[in-house]
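The block underneath contains the structure these notes are about, expressed in structure tokens.
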Amino acid sequence: MWTPLSRDFYSRDSAQVARDLLGRILVHESSEGLTSGIIVEAEAYYGEDDPASHAYRGMTERNRVMYGEPGHAYVFLLYGVNHLLNVVTMPRGIPGAVLLRALQPLEGVELMRRRRGVSDALLLASGPGRLSKAMGIDLNHNGVDMTKPPLYISRERILKDFEVVVTPRIGVRDMRPLRFYVKGNLYVSRPKGGAPRA
DNA sequence: GCTAGGATGCTCT
DNA sequence: GAGCATCCTAGCC
């Protein structure tokens, strides 16, 4: 059993939170069963000074949870196919979020395999869409409070003494170094020392 | 092993 | 009506 991170943790700069989430555990206690995984990759997003952010053009119906209480989940659909899971960051009222990009599966691995339809553990959650599907996250989770069960990130850090690699974010035309991942971890979503892509 | 391209639906212009 | 914070399959080395 893990202890959820408090709201204060999320009420900080996105890049700090993203880096600080590495090595902690994302937990989802669903009706189907419990799944969890170690966070090995995350990206930081900001607001109106960040062209890659959904909040770049101000508040809309879709992105309004980014302006709300930190520590809540921001889930949205990409390409009509994939759900992406973010955690809202920054002090309340200032838009910001951290996109969870990859997990190393920990508990409920069989349930993840069933939800994903693949058996290779390296492919279960190595990518934001895959992660959401393996964890059973969908649009119903948009706006839920992640400082308590059933969906939360642990205060405990399971990975210790790892190196953090910083790169530009993936799939966006913005070269700022806002992507963070665990060096050498096989479950990171892209090669250069990470998991296979397909 | 690798790469290219299609799927698919909602938001904002 | 375009453009995505992506994933998977087929087809080719």
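Chain identifiers are assigned alphabetically (A, B, ...) following the order of the sequence lines, protein sequences preceding nucleic acid strands; residue numbering begins at 1 within each chain.
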Find the distance [X]:[atom1] to [N]:[atom2] and express it as a whole number of Å.
{"X": "A/Tyr79", "N": "B/dG5", "atom1": "OH", "atom2": "P", "result": "15 Å"}
{"X": "A/Leu84", "N": "B/dC10", "atom1": "CG", "atom2": "C1'", "result": "14 Å"}
{"X": "A/Arg62", "N": "C/dG3", "atom1": "CZ", "atom2": "P", "result": "15 Å"}
{"X": "A/Leu124", "N": "C/dC8", "atom1": "CG", "atom2": "P", "result": "10 Å"}
{"X": "A/Tyr56", "N": "B/dT13", "atom1": "OH", "atom2": "C1'", "result": "15 Å"}
{"X": "A/Ile170", "N": "C/dC7", "atom1": "CD1", "atom2": "C1'", "result": "13 Å"}

N/O (side chain, [X]) to phosphate O (OP1/OP2, [N]) under 4.0 Å:
{"X": "A/His54", "N": "C/dA5", "result": "yes"}
{"X": "A/Arg130", "N": "C/dC8", "result": "yes"}
{"X": "A/Arg57", "N": "B/dT13", "result": "yes"}
{"X": "A/Arg116", "N": "C/dC8", "result": "yes"}

- Query: Should A/Val172 and A/Val188 be regarded as members of a common hydrophobic cluster, given that ILVMFWY residues are connected when their side-chain heavy atoms come within less than 4.5 Å of each other, either directly or indirectly?
  - Reply: no

- So, A/Phe76 versus A/His54, ring centres under 6.0 angstrom or not? yes

- Audit row: A/Glu156, A/Arg24, salt bridge (Lys or Arg N to Asp or Glu O under 4.0 Å) steps and yes/no: CA-CA 6 Å; A/Glu156 294 84 0; A/Arg24 300 182 196 271; over 6 Å; no

- For C/dA5, the Watson-Crick or wobble partner whose two distances fall under 3.5 Å: none

- Message: Any strand counts, and the cut-off is 3.5 Å on both contacts for Watson-Crick or G-U wobble. Which nucleotide pairs with B/dT8?
- Response: none

- Task: Determine the Euclidean distance between corresponding P atoms of C/dA5 and B/dT3; express it in Å to zero decimal places.
- Result: 23 Å

- Query: Taking the side chain from A/Ser36 and the backbone from A/Glu107, do they hold a donor-acceptor pair closer than 3.5 Å?
  - Reply: yes

- Query: Is the shortest heavy-atom distance from the side chain of A/Val182 to the side chain of A/Val164 under 4.5 Å?
  - Reply: no

Which of these nucleotides, [options], is closest to any side-chain atom of [X]?
{"X": "A/Val172", "options": "C/dC8, C/dA5, C/dC7", "value": "C/dA5"}
{"X": "A/Phe76", "options": "C/dA5, C/dC8, B/dC10", "value": "C/dA5"}
{"X": "A/Leu77", "options": "B/dG9, C/dC4, C/dA5", "value": "B/dG9"}
{"X": "A/Tyr74", "options": "B/dT11, C/dC4, C/dA5", "value": "C/dA5"}

- Message: Heavy atoms only, 4.0 Å cut-off, all strands: where does A/Asn63 land among base, sugar-phosphate and nothing?
- Response: nothing

- Message: Using a heavy-atom cut-off of 4.0 Å across all strands, would you classify A/Arg169 as base, sugar-phosphate, or nothing?
- Response: nothing

- Task: Indicate whether A/Tyr45 forms a stack on C/dA5; treat it as stacked only if centroid distance is below 5.5 angstrom and interplanar angle below 30 degrees.
- Result: yes

